[in-house]
Number of protein chains: 2
Amino acid sequence: MTQKLTQRITINDVASAAGVSRQTVSRALNDKGEIDRETKQRVLDAARDLGYRPSRFARGLVRPDTTSIGLVIPDLLNPFFTEVAAAALEAARARGWHVVVYDTADSLEEERGTLQVIGTQVDAVVGYFSLSEAELDEHTRGMPVVLIGRQSPRFSSIRIEGAAGVRSAVDHLVSAGHRRIGMLDYANRADPSDRHAWFCAAMATHGLATDAVTTAAQSVAGGAEALVELLDRHPDVTAVFTFNDIIAIGALRTVRRLGRELAVIGFDGLQLGTVVDPELTSVALDTRRIGALAVEQAARLLAGAEPLAGDDLVVQAVLLLRESA
Amino acid sequence: MTQKLTQRITINDVASAAGVSRQTVSRALNDKGEIDRETKQRVLDAARDLGYRPSRFARGLVRPDTTSIGLVIPDLLNPFFTEVAAAALEAARARGWHVVVYDTADSLEEERGTLQVIGTQVDAVVGYFSLSEAELDEHTRGMPVVLIGRQSPRFSSIRIEGAAGVRSAVDHLVSAGHRRIGMLDYANRADPSDRHAWFCAAMATHGLATDAVTTAAQSVAGGAEALVELLDRHPDVTAVFTFNDIIAIGALRTVRRLGRELAVIGFDGLQLGTVVDPELTSVALDTRRIGALAVEQAARLLAGAEPLAGDDLVVQAVLLLRESA
DNA sequence: GAGCATGCCGTGAACGTTCACGGGAGCGTT
DNA sequence: AACGCTCCCGTGAACGTTCACGGCATGCTC
């Protein structure tokens with residue numbers, strides 16, 4: 001006899017099917033004691049026959065023991081975000097948390113859509129947002145939020161500090177004899193990036209010019225094209241620093257195809273950098289630390305404990321020497 | 001006056017703080033009509049002051065409109081699984097579903113742990129499992145389960161069919177003049193892989209020997225080492241087919257470092273294959289289709305609709321020609 | 001045979017929210 | 001003055017589960 005599908009099967013259905021009470025069903029299913037072996041089996045059979053599945057909502061209501069957080073990522077296929085996501089997943093698992101992942105596809109609209117529904121599904125939110133603070137605030141309504149890589153007076157945020165790392169990168173290039181060092185930047189808005197600023201500062205300490213800068217699209221092809229353009233305009237460049245590893249890998253390809261000698265240093269320090277040949281030298285971010293920090297901060301916010309602040313929330317980029325420079 | 005933190009703030013707390021009833025608070029927060037503008041603002045302020053957050057459990061109980069599925073992945077950092085996960089996320093988002101992601105870290109123990117808790121958190125499960133059917137069945141208890149890349153009489157599963165794709169790969173190599181074609185296999189258990197079987201079958205149609213086979217670890221380094229070993233034992237090999245793209249990339253590196261000419265064809269067709277130079281030719285799996293199919297099947301099972309079956313559930317691998325062969 | 005412990009089971013209550021309904025105040029219409 | 005309409009607002013009920021408690025047998029002890 002098939003059950004009506006639109007109607008949910010409850011614990012009471014199982015109870016009456018097995019000829020017992022709710023409580024006995026609950027005991028059978030949750031492996032509590034105080035139940036006869038035979039009765040237990042009968043209940044289990046009835047539950048299976050009816051296709052009974054307990055409501056997670058009802059259970060959560062009466063026993064609110066599980067916490068789950070939302071992880072918002074602009075593009076899971078971008079290896080950097082993949083690493084951050086994996087790290088956050090690991091940190092959350094260590095706490096027994098569940099992680100609901102949202103890929104906003106680099107779109108403000110998707111971000112908004114996510115924000116609308118996320119509030120009703122998770123206890124806290126962690127990740128990347130491009131929306132305005134006002135808009136974020138409206139939909140999160142006091143829910144703990146941890147932003148990554150974006151400062152905000154309103155929300156907790158973990159900060160990426162790359163000045164020192166980029167300086168060591170430039171130092172490294174200079175001590176290898178490079179004087180004309182270019183950069184492949186990426187600018188999503190009109191203004192240049194933090195990384196560009198760090199680069200300029202580092203170059204300044206050596207009294208070097210920072211005129212050889214081009215912007216690239218965020219892809220291997222984008223990096224390849226940008227480097228061609230850069231070398232076209234500044235043939236004397238002997239080394240480049242790039243906005244991130246993806247662009248650097250594209251640059252590396254151009255270097256090889258042109259048969260040129262050119263030092264390349266990327267940014268992010270992705271594992272992906274060990275896949276290419278030569279392996280990519282990069283100013284590395286500890287993605288595991290980023291994920292762990294974000295989750296840790298969410299935990300504190302959730303527990304009402306003293307949240308991390310100041311330097312405890314920054315991740316320092318460090319030069320990771322491999323082969324490309 | 002600070003609220004006691006262990007005690008949850010309910011809608012009633014807000015109601016009494018604003019001097020109204022539950023229902024009015026509900027109206028204010030959910031933008032329903034039938035409420036005075038002034039009253040609404042007062043309620044909103046009270047809610048904000050108290051830091052009120054509605055219980056997703058209570059809401060879900062009375063209005064069960066959101067479905068969420070579990071996505072179980074052995075290793076999110078493996079690019080293949082990243083792609084599948086991204087595809088599943090996209091397909092789920094199109095349905096308005098929430099996706100809880102679990103990375104089981106290639107460990108049976110973690111799989112078990114996930115299985116224990118997942119049942120109480122999602123409406124269906126999709127992904128990769130290595131556990132026995134019996135063990136799966138026990139913990140999922142009739143919840144819809146869609147397995148990927150693993151046959152099972154008990155559960156829905158989407159099947160990977162690579163025989164034809166591998167045959168085109170071998171055909172391609174043969175028509176390019178190759179006769180001694182090796183393979184870099186990966187064997188997690190004692191027995192060789194499906195892909196090995198497909199390779200042997202394809203070679204057999206050309207009457208070629210399949211003695212040049214080595215197993216590799218699933219990493220770039222593993223592929224590099226394995227190719228060295230293979231060439232050592234079979235110096236006459238002029239082309240290799242590999243278990244997957246990661247191993248192929250390692251092989252490619254060895255090829256370049258040794259300064260040899262060698263055709264390489266991988267398996268999976270990852271986007272990662274366009275990052276290396278030369279770009280990797282591969283027997284490609286449509287990861288988006290895999291993710292979409294899995295979600296689609298979960299939807300049917302959940303709705304009690306006619307589930308997909310037979311050929312509708314298989315994903316055919318096809319040769320993707322790039323540069324390495 | 002009275003008393004007591006033990007094993008097994010059922011009944012009210014509670015969790016926090018929304019839905020369906022009812023009702024009062026204020027204003028205009030006839 | 002009675003009626004009706006609109007605008008607000010509140011009260012019981014329901015969602016499905018677990019917890020705390022109570023109760024009925026049964027068997028044992030003295």
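Numbers restart at 1 for each chain; the letters A, B, ... are given by sequence-line order, proteins then strands.
Tested against A:Arg154 for a salt bridge (Lys or Arg N to Asp or Glu O under 4.0 Å), the candidates A:Glu135, A:Glu133, A:Glu138 yield a single pass: A:Glu133.
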Under 3.5 Å, which N/O atoms of the protein pair with N/O atoms of nucleotides 24-26 of chain C?
none

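In this structure, A:Thr24 reaches the C:dG10 phosphate: one of its side-chain N or O atoms is under 4.0 Å from OP1 or OP2. Dashed line: the shortest gap from a side-chain N or O of B:Thr10 to OP1 or OP2 of C:dG16 is not under 4.0 Å.
Of the possible donor and acceptor atoms, none in the side chain of B:Asp75 sits under 3.5 Å from a partner among the backbone N and O of B:Asp106.
Looking at A:Arg56, its side chain has no donor and acceptor atom pair within 3.5 Å of the base of D:dG16.
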From CA spacing to verdict: side-chain hydrogen bond (donor to acceptor under 3.5 Å, both in side chains), A:Ser156, A:Gln297: CA-CA 8 Å; A:Ser156 253; A:Gln297 180 74 334; 2.5 Å; yes
From CA spacing to verdict: side-chain hydrogen bond (donor to acceptor under 3.5 Å, both in side chains), A:Ser68, B:Gln121: CA-CA 10 Å; A:Ser68 62; B:Gln121 286 286 326; 5.0 Å; no
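Within residues 25-44 of chain A, the residues that have a heavy atom under 4.0 Å from DNA chain D are, in order of number, A:Ser26, A:Asn30, A:Lys32.
A straight line from CZ of B:Arg8 to P of C:dA14 spans 19 Å, rounded to a whole angstrom. Atom CG of B:Asn12 and atom C1' of C:dT18 are 13 Å apart (whole Å). The nearest whole Å value for the distance from the CZ atom in A:Arg59 to the C1' atom in C:dA14 is 17 Å. Protein atom OH of B:Tyr52 is 10 Å distant from nucleotide atom P of C:dG16, rounded to whole Å. Between the C1' atom of C:dG16 and the CD atom of B:Gln23 lies a distance of 13 Å, rounded to the nearest Å. Taking atom CZ of B:Arg53 as the reference point, atom P of C:dT17 lies 11 Å away to the nearest angstrom. If you measure from atom CG of A:Leu61 to atom P of D:dT18, you get 12 Å, rounded to the nearest angstrom. With rounding to whole Å, B:Phe57 atom CZ is found 12 Å from C:dG16 atom C1'.
Among the nucleotides C:dG10, D:dT18, C:dT17, the one closest to the side chain of A:Arg63 is D:dT18. Comparing C:dT18, D:dT17, D:dA20 by their closest approach to the side chain of A:Ala58 singles out D:dT17.
Under the ring-ring contact (aromatic ring centres under 6.0 Å, His included) criterion, the residue pairs touching residues 49-87 of chain B are B:Phe81-B:Tyr128, with sequence neighbours excluded.
Heavy-atom neighbours of B:Arg150 CZ from other residues, nucleotides or ligands within 6.0 Å: above the threshold of 12. The number of heavy-atom neighbours closer than 6.0 Å to CD of B:Glu306, taken from other residues, nucleotides and ligands shown, is 12 or below.
Ion pairing between a basic and an acidic side chain is recognised when a charged N comes within 4.0 Å of a carboxylate O; A:Lys40 and A:Asp31 show such pairing.
Along DNA chain D, the nucleotide nearest B:Val62 and the nucleotide nearest B:Gly19 are compared for position; the residue whose nucleotide lies closer to the 5' end is B:Gly19.
A donor-acceptor contact under 3.5 angstrom links the side chains of B:Thr287 and B:Glu83, judged on distance only.
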